[in-house]
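Okay, so here's the structure we're looking at.
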Number of protein chains: 2
Amino acid sequence: MASKPPVSLKDIAEAAGVSTITVSRALRGLSLVTPDTRRQITEIAHRLGYVPNQVASSLRSRKTGLIAVVMPTVAGSIFSDTVNSISNELGKAGYQIIIGESSYDIEQEQAVLEALVQRRPDGVIIAGVNHTRTSRELLSAMNVPVVEIWDMTEDPVDSLVGFSNRHAAYEFTLALIDKGYRRFAIASGPMERLNRAQQRAEGHGEALKFKGLRSFGSIVIPHFMGMLSSGETLLKFVKDNPELDCLFCTNELIAIGATVQCRRAGIKIPDEIAIVGFGDVEAASIIDPPLTTICIHGAAMGQEAARIIRDRLAGKTEERKILDVGFDIAWRGTA
Amino acid sequence: MASKPPVSLKDIAEAAGVSTITVSRALRGLSLVTPDTRRQITEIAHRLGYVPNQVASSLRSRKTGLIAVVMPTVAGSIFSDTVNSISNELGKAGYQIIIGESSYDIEQEQAVLEALVQRRPDGVIIAGVNHTRTSRELLSAMNVPVVEIWDMTEDPVDSLVGFSNRHAAYEFTLALIDKGYRRFAIASGPMERLNRAQQRAEGHGEALKFKGLRSFGSIVIPHFMGMLSSGETLLKFVKDNPELDCLFCTNELIAIGATVQCRRAGIKIPDEIAIVGFGDVEAASIIDPPLTTICIHGAAMGQEAARIIRDRLAGKTEERKILDVGFDIAWRGTA
DNA sequence: CTAACTATTGACATCGATAACATTCGTCAA
DNA sequence: TTGACGAATGTTATCGATGTCAATAGTTAG
């Protein structure tokens, strides 16, 4: 464990007989150095095994090359498309992402944000538009581009790339009514989870009301313990409420769980009961029957958000934007 | 966009009439300051909206609080358990992870590593034991704890938490033969993908040989384009080779795809053909029939790796370790 | 009463890079 | 010939914190 002292610009400068700033310029490719000098410096740097210290660079230049990404969770499949496309899009431009998990809780989100901010990210992408007052202040005070995603509002902190959860649920419900379904119950994941599930429920309710229908019940999975486990709860609910003809799930994973468990219990889907989800994760299309659901453009949101950040940091655009990526209905086998 | 200058320790020091170092100590909770002084400093810091600059702190203290995590991909479900458990376990100790994707390629891995190293992470967790020479040198030269995971070898760079892919495939194959299967074909994802798939194939082959059986064919999905798409290719393969009684997939996702597509095509599983996977992602248990597969302890590996890093950084242990987390066979519906 | 000690606080250097400004030198137009 | 100019390089200050060692004040023992 000899642990030789790390090589710095200074060491290279001494070896090359030039000043540190020349080395810095040479290695950054700043076209301010003679090709010959650069070649020599590069060679020495390589020989000494030089590894640039981005920490020092960040401190001085006030650019960390980090983008903070705050999502409710990255554990499941729901947000992973978004995170991946952010990472890919920003990676192209040389940025690294640092992820924080808000666990569907704005207090937790604030805590995460407070930790991330200390690393002085060059930009922030954050899920949702509902934050604590302190979080909003923090985001504004950072003086870096901020993009909220996965939701819609009139007054974002800065830019916004999302869709209206309420509107999607509303339209989806109307379409289901058009298809002939009348006796809906609504199933949700933990309701305290920000207010996206809440908005979906409201959109659903408004559509029912608009069509003069009443709800035939609702059930909440208070603690999400996996798809199959939630599915068992929902199977019981479905059995207990035989009058239902459609289970409207505001959460994709519980919809998948419900479908799998109902099918295993021998319930015919969609003849005995239709089940629909919200989100379209990959697993939705491999179950039997494949899930009819709202297709959220998670990857597109990530990509657009990343682009906005990238362009803002490159000085290309300075305007804040609001972008609605909409949604699609994926009609498959469960409704 | 007024962009006030950021608040630093100095500003607080001036406002409180003390030196910056005292502020630093107070805010770090170093028990070297009078409770009264601390209270006052904390109050002022809060009032000024002070946000500690971890970049500066990292530079001076040579501790970034970052752990680099290098995985083949984080896009799918395969490695996400591992990454999540790493993140959770390290999060408890106040560390943040920065992720790099090697895309199943050791040259790419090296490139990613070279980028990550510049951020001076306090530790590295990296999938696989096969790296370029330069990567290995880089890892050693960093003088931070390194844990390789998801594989097994005699001479890790530093510590290792994994399992033997070869051995798992070997044992699994033997167990399948015990169950009565005799006419195997092997299906793999892209083979250039490091050598884990290769090792699995070898373990499978050795078991066949040991039992005096021959292979009835093999197929490679050269470019993975999703579960269902791979499944179509495998369905065709299965139809073309009606003598097979078991399709041994070295990749979980293609096993799922094959199962789904075969079932949709009306092929009886496992009666007409058995299909097995390798990895046990969550989707494996929701398909019909649920997939019989090797259960890899991805979360356990992540957690153990994170613990090793954490303990090493806390000075608790200094020994390098090799830990084999083994594997389980999950007998479900497809074999 | 003084030495010895502990508890607090401070001064200064430093981590490794880069921004800002300065300098040198050769070239070329006036 | 001179001065303006641009290319290449250098000098110095600085980013914002913390490690190290020094200093001050208050307390206790002898």
Side-chain angles (χ1 to χ4, degrees), chain A residues 3-42 44-45 48-66 117-122 142-144, chain B residues 3-42 44-45 48-66 117-122 142-144:
Chain A
S3 136
K4 321 160 226 176
V7 181
S8 73
L9 282 189
K10 203 168 158 188
D11 302 310
I12 300 175
E14 279 166 15
V18 296
S19 69
T20 61
I21 189 69
T22 300
V23 178
S24 173
R25 291 198 265 244
L27 295 179
R28 277 185 293 163
L30 282 196
S31 84
L32 280 162
V33 289
T34 307
D36 199 47
T37 313
R38 162 165 305 135
R39 207 173 308 121
Q40 195 185 341
I41 289 175
T42 311
I44 293 177
L48 296 183
Y50 173 66
V51 177
N53 187 324
Q54 180 139 33
V55 178
S57 169
S58 297
L59 176 60
R60 179 65 242 241
S61 69
R62 294 161 167 284
K63 282 176 205 153
T64 55
L66 291 175
V117 167
Q118 302 190 4
R119 298 194 183 273
R120 299 290 190 272
D122 294 338
M142 291 175 69
N143 277 105
V144 299
Chain B
S3 137
K4 320 161 227 178
V7 181
S8 73
L9 282 189
K10 203 167 156 190
D11 302 310
I12 301 174
E14 278 166 16
V18 297
S19 68
T20 60
I21 187 68
T22 299
V23 178
S24 172
R25 291 198 266 246
L27 296 179
R28 277 186 293 165
L30 284 195
S31 84
L32 281 162
V33 288
T34 306
D36 199 45
T37 313
R38 163 166 307 141
R39 208 173 308 120
Q40 196 186 339
I41 289 175
T42 311
I44 294 177
L48 296 183
Y50 173 66
V51 177
N53 187 324
Q54 179 139 34
V55 178
S57 169
S58 297
L59 177 61
R60 179 66 242 240
S61 69
R62 293 161 168 284
K63 282 177 204 152
T64 55
L66 291 176
V117 167
Q118 302 189 4
R119 298 194 183 273
R120 298 291 190 272
D122 295 338
M142 292 175 69
N143 277 104
V144 299

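In what follows, chains carry the letters A, B, and so on, assigned in the order in which the sequence lines appear, proteins first and then strands, with residues in each chain numbered from 1. Bear in mind that the values here come from a model prediction, so they are computed numbers and not experimental data.
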Over all atoms of both residues, closest heavy-atom pair of [X] and [Y]:
{"X": "Arg38(A)", "Y": "Ala26(A)", "result": "NE-O, 3.2 Å"}
{"X": "Thr20(B)", "Y": "Lys10(B)", "result": "CG2-CA, 3.7 Å"}
{"X": "Arg119(B)", "Y": "Thr64(A)", "result": "NH1-O, 2.8 Å"}
{"X": "Pro121(A)", "Y": "Met142(A)", "result": "CG-CE, 3.6 Å"}
{"X": "Val51(A)", "Y": "Arg120(B)", "result": "O-NH2, 2.8 Å"}
{"X": "Ile12(A)", "Y": "Tyr50(A)", "result": "CD1-CG, 3.4 Å"}

Does some side-chain heavy atom of [Y] sit less than 4.5 Å from a side-chain heavy atom of [X]?
{"X": "Leu9(B)", "Y": "Leu27(B)", "answer": "yes"}
{"X": "Val55(B)", "Y": "Val55(A)", "answer": "yes"}
{"X": "Ser57(A)", "Y": "Arg28(A)", "answer": "no"}

The reported gap from CZ in Arg25(A) to OG1 in Thr37(A) (rounded to nearest 0.5 angstrom) is 11.5 Å
Nt span of DNA chain C in reach of chain A heavy atoms at under 4.0 Å, 5' end first, is dG16(C) to dA19(C)
May I have the distance from Leu59(A) (atom CG) to dT14(D) (atom C1'), rounded to whole angstrom?
-> 9 Å
In whole angstrom, give the distance that lies between atom CZ of Arg38(A) and atom P of dA7(D).
-> 14 Å
Thr37(B) near the nucleic acid: base, sugar-phosphate alone, or nothing, with a heavy-atom cut-off under 4.0 Å?
-> sugar-phosphate
With a non-hydrogen cut-off below 4.0 angstrom, is Val55(A) in contact with a base, only sugar-phosphate, or nothing?
-> nothing
Report, as a single string ordered 5' to 3', how protein heavy atoms within less than 4.0 Å touch nucleotides 17-26 of chain D: B base, S sugar-phosphate only, - not at all.
-> BBB-------
Runs of at least three consecutive pairs that involve DNA chain C, where pairs are Watson-Crick or G-U with distances under 3.5 Å = C:1-30 with D:1-30
